[in-house]
Amino acid sequence: MHGQMKNATPLLDSIDAIEALRALAPAQLPQLADELRAETIAAASLTGGHFGAGLGVVELTIALHYVFETPHDRLIWDVSHQAYPHKILTGRRDGIRTIRKKGGLYGFTLRTESEFDPFGTAHSSTSISISAALGMAVARDHKGEQRNVIAVIGDGAMSAGMAYEALNNAGSLDSRLVVILNDNGMSIAPSVGALTTYLKDLLAARPHMGIEEVAHLMAQEFPDETSTARNAATMFEQLGCAYIGPIDGHDVDMLTRVLKMVRDGARKGPVLVHVITEKGKGHPFTAPNGENYHAVDKFDLATLEMNKAAAAAPTFTKVFANCLIEEAAEDPTIIGITAAMPSGTGIDLFAKKFPERTYDVGIAEQHAVTFAAGLAAEGLKPVVAIYSSFLQRAYDQVVHDVALQSLPVRFAIDRAGLVGNDGPTHAGTYDLNYLMCLPGIVIMAAADEAELKHMIATSLSINDRPSAFRFPRGEGFGVALPARGQVLPIGKGRIMREGSAIALLSLGGRLHECMQAAEELAARGLSTTVADARFAKPMDEAMLAELAQNHEVLVIIEEGAIGGFGAHALTFLAQNGLLDAGLKVRTMTLPDRFVAHAKPDEQYDDAGLQARHIVDMAVNALGNAVTRPNAVREVAGTRHSR
């Protein structure tokens with residue numbers, strides 16, 4: 001069943017249900033930890049994916065399931081990229097080698113995948129929010145039920161404001177909640193900020209707690225007095241939590257004994273267990289890695305060589321980083337900002353060149369945006385490099401602190417569109433929708449890496465309002481890059497190919513699919529124009545009107561949810577009478593559902609946004625088209641320069 005790993009993992013092989021884990025003797029758990037770590041490594045060698053975080057919580061995972069009656073007791077993993085060992089132990093071992101593949105296990109916890117995943121997580125700092133673990137604890141109390149609720153959150157995730165909002169709420173309630181602070185000094189990259197310093201100082205001042213100390217503390221039933229009455233109270237105690245720790249997170253015997261005491265204790269309210277772990281513990285590689293092998297490609301178990309194909313072109317992220325460095329070399333007011341994603345956004349490269357102009361604010365997207373607004377208000381040029389899916393977390397700040405005040409914050413929106421194996425939680429699906437409704441903002445979408453350079457230069461030239469440029473994940477298309485980006489005329493698109501029957505208007509990374517579709521349409525005798533919108537807002541109304549007036553069919557293609565660019569284009573066409581004479585307009589967006597994880601090409605095929613889908617849409621629309629009068633009412637200024 002498990003191939004070459006079967007003989008190497010006899011204890012793990014015996015666990016066909018969670019009850020079998022709880023039937024093991026405590027003395028067997030260290031061996032199980034070794035086997036579970038080996039299985040996690042073996043699976044990752046075939047699938048790649050998130051790696052270091054799971055290796056760091058092997059003992060903790062075993063202890064939690066050994067002590068608590070999951071799934072009756074609710075166990076929630078913050079972010080949950082560390083949940084591979086959890087999945088292996090909870091009936092999903094046979095599928096672990098399908099993780100992040102089409103039709104396979106999801107890379108994070110997922111309610112529909114297993115009853116052991118009571119709450120789906122993939123973004124940071126939700127596990128102790130009032131919407132998750134605390135909400136479940138309060139619901140339990142309202143319903144008069146008896147169960148434990150346990151949240152596991154990393155020290156990096158504790159830098160997010162939502163964690164403190166939840167602790168503030170939890171500390172004022174009597175609802176029993178167990179919080180495991182998994183302290184490994186890392187988020188993806190090393191943790192940053194004052195909290196990191198505090199936890200390091202706390203660990204230095206307090207050696208690992210022994211079982212006798214824990215028993216003594218439990219016997220006291222955690223006095224309610226906080227810092228005003230207790231010596232050296234931690235910040236967690238000051239917030240109303242009972243605090244236990246630090247505990248060695250790789251001593252499975254110690255973990256199980258401590259967790260049993262916590263489980264059986266009479267304490268009401270939140271109990272926080274501070275566990276010290278090592279991210280990536282036991283990984284097989286010899287080379288140092290700044291992220292402790294947070295994520296890996298497939299690799300050969302024997303040679304440990306990564307099976308990563310040579311890049312055909314630089315990634316969009318690297319092009320962004322290099323271009324920002326070029327611009328910053330000429331402009332000392334440019335500031336780079338990331339929210340705990342330096343390598344993912346390319347800001348790590350910027351930081352090497354301009355460390356004094358780089359700010360990693362931790363997992364704090366809301367703060368990142370308003371921090372940037374303050375910089376912009378004082379005349380600097382902040383560039384907030386952020387994934388589309390994470391910018392969602394700071395929407396009120398974008399609206400109230402940036403757009404409403406017309407502050408020139410620049411948003412570099414990485415991972416626009418579908419992102420592949422990380423699935424819908426990380427897809428850049430909604431940024432066009434939630435940004436296009438804001439007055440005054442300039443929004444661009446790069447069709448290729450050369451366009452990205454131009455858009456960076458354009459954004460940096462805009463000093464009277466916010467701007468954003470979005471670009472996809474992964475390698476570029478291999479187009480020649482200009483020496484420097486050129487400032488584009490605001491709100492002007494470009495005609496890529498001229499035709500007469502069908503017009504394809506693309507925004508963003510589907511332009512190459514549109515060009516391919518035009519070739520296929522031409523082979524059928526259908527003359528096709530292809531236009532690159534470049535700007536979602538302000539959109540090129542003159543070009544849009546010209547396309548509408550001179551073609552029988554207009555297809556608008558974007559890598560975003562329904563209600564985005566295409567919807568705004570339709571509004572313009574309707575309000576200016578450009579639909580009155582029989583023009584056939586079709587919009588192609590991401591479907592109105594969450595697109596499951598798979599390779600990007602598989603996802604776009606699923607979404608119906610490949611060249612063949614564009615061809616089908618255009619042909620089907622043309623088949624229903626009627627001959628329109630030649631005299632179509634002209635909208636002022638519709639003649640577009642080609």
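Computed over heavy atoms, backbone and side chain alike; hydrogens, waters and symmetry mates excluded. Owing to the predicted nature of the structure, the values given are computational and were not obtained by experimental measurement.
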More than 12 foreign heavy atoms under 6.0 Å from NE2 of His512: is that the case here? yes

Please check this pair: side chain of Lys537 against backbone of Leu438, looking for a donor-acceptor N/O pair closer than 3.5 Å. yes

Atom of Phe477, atom of Ala447 and distance for their closest heavy-atom approach: CE1-O, 3.2 Å

Leu380 CG: over 12 foreign heavy atoms closer than 6.0 Å: yes

For Arg494 and Asp540, run salt bridge (charged side-chain N to carboxylate O under 4.0 Å, His left out): C-alpha distance rounded to whole Å, both residues' side-chain angles, the deciding distance at 0.1 Å, then the answer. CA-CA 9 Å; Arg494 56 177 180 157; Asp540 191 338; over 6 Å; no

Within the distance-only criterion (no hydrogens, no angle test), does the side chain of Tyr395 pair as donor or acceptor with the backbone N or O of Tyr434 below 3.5 angstrom? yes

Spatial distance of atom CD (Glu365) from atom OG1 (Thr338) [nearest 0.5 Å]: 9.0 Å

Inter- and intrachain pairs under side-chain hydrogen bond (donor to acceptor under 3.5 Å, both in side chains), touching residues 591-603, at least two apart: Arg593-Asp606

Rounding to 0.5 Å, atoms CZ (Arg410) and CD1 (Ile337) come to a distance of 11.0 Å

With Leu505 as reference, evaluate Leu544, Val585, Asp532 under the side chain to side chain contact (heavy atoms under 4.5 Å, CB included) test and give the passing residue. Leu544

His613 side-chain N/O to Gln610 backbone N/O, donor-acceptor pair under 3.5 Å: yes

Are the side chain of Lys298 and the backbone of Gly48 linked by a donor-acceptor contact shorter than 3.5 Å? no

Test side chain to side chain contact (heavy atoms under 4.5 Å, CB included) applied to Arg534 and Met444, Glu451, Met543, the passing residue: Glu451

Side-chain donor or acceptor of His454 paired with backbone N/O of Gln486 under 3.5 Å: yes

Go through the steps to decide whether Lys453 and Glu326 satisfy the test salt bridge (charged side-chain N to carboxylate O under 4.0 Å, His left out), and finish with yes or no. CA-CA 10 Å; Lys453 291 197 70 169; Glu326 292 170 2; 3.1 Å; yes

Kindly say whether Thr333 contributes a backbone atom to a donor-acceptor pair with the side chain of Asp331 at under 3.5 angstrom? yes

Check ion pair Arg470-Asp431 (N to O, under 4.0 angstrom): yes

The residue among Phe371, Phe354, Phe350 that forms ring-ring contact (aromatic ring centres under 6.0 Å, His included) with Tyr359 is Phe371

Strictly by ring pair (Phe, Tyr, Trp, His ring centres under 6.0 Å), give each pair with a member in residues 413-432 just once, sequence neighbours left out. Phe108-His426, His123-His426, Phe390-His426

Charged N-O contact under 4.0 Å between Asp414 and Arg473: no

Please report the closest heavy-atom contact between Ile614 and Cys514, naming both atoms and the distance. CD1-SG, 3.9 Å

Salt-bridge present (Arg612, Asp605; N to O < 4.0 Å): yes

With a 4.0 Å cut-off on N to O distance, would you call Glu558 and Arg510 a salt bridge? no

Exercise: do Thr425 and Tyr106 side chains pair donor with acceptor under 3.5 Å: yes

Quick one about Glu513 and Tyr604 (side-chain donor to acceptor, distance below 3.5 Å, no hydrogens or angles considered), yes or no? no

Does the pair Arg415 and Thr317 meet the rule for a side chain to side chain donor-acceptor pair (under 3.5 Å), with working shown? CA-CA 9 Å; Arg415 272 53 170 188; Thr317 302; 3.2 Å; yes

Could you measure the distance from the OG1 atom of Thr109 to the CH2 atom of Trp77? Nearest 0.5 Å is fine. 10.0 Å

Got more than 12 heavy atoms from elsewhere within 6.0 Å of CD, Glu378? no

Closest contact, heavy atoms only, Gly336 versus Ile347: CA-CD1, 4.1 Å

Rounded to the nearest 0.5 Å, what separates atom OG in Ser388 from atom CG in Leu435? 8.0 Å

Compare every heavy atom of Asp401 with every heavy atom of Ala373, then report the nearest pair and how far apart it is. CB-O, 3.5 Å

Taking all atoms of both residues into account, what is the closest heavy-atom pair of Pro538 and Val442, and its distance? CD-CG2, 4.2 Å

Does the side chain of Ser506 reach to within under 4.5 Å of the side chain of Val530, using non-hydrogen atoms? no

Under 4.5 Å between any side-chain heavy atoms of Leu578 and Phe572, yes or no? yes

Are Glu449 and Lys318 close enough for a salt bridge, meaning some N to O gap below 4.0 Å? no

Output the distance between atom CD (Glu541) and atom CD (Glu546), rounded to the nearest 0.5 Å. 14.0 Å

Charged N to carboxylate O under 4.0 angstrom, Lys87 versus Glu113? yes

Neighbour count above 12 (heavy atom, 6.0 Å) for Lys101 NZ: yes

Val419 side chain near Pro600 side chain, heavy-atom distance below 4.5 Å: no

Show the nearest heavy-atom pair for residues Gly107 and Ile99, with the distance to one decimal. CA-CG1, 4.0 Å

Could you measure the distance from the CG atom of Asp464 to the OG atom of Ser406? Nearest 0.5 Å is fine. 7.5 Å

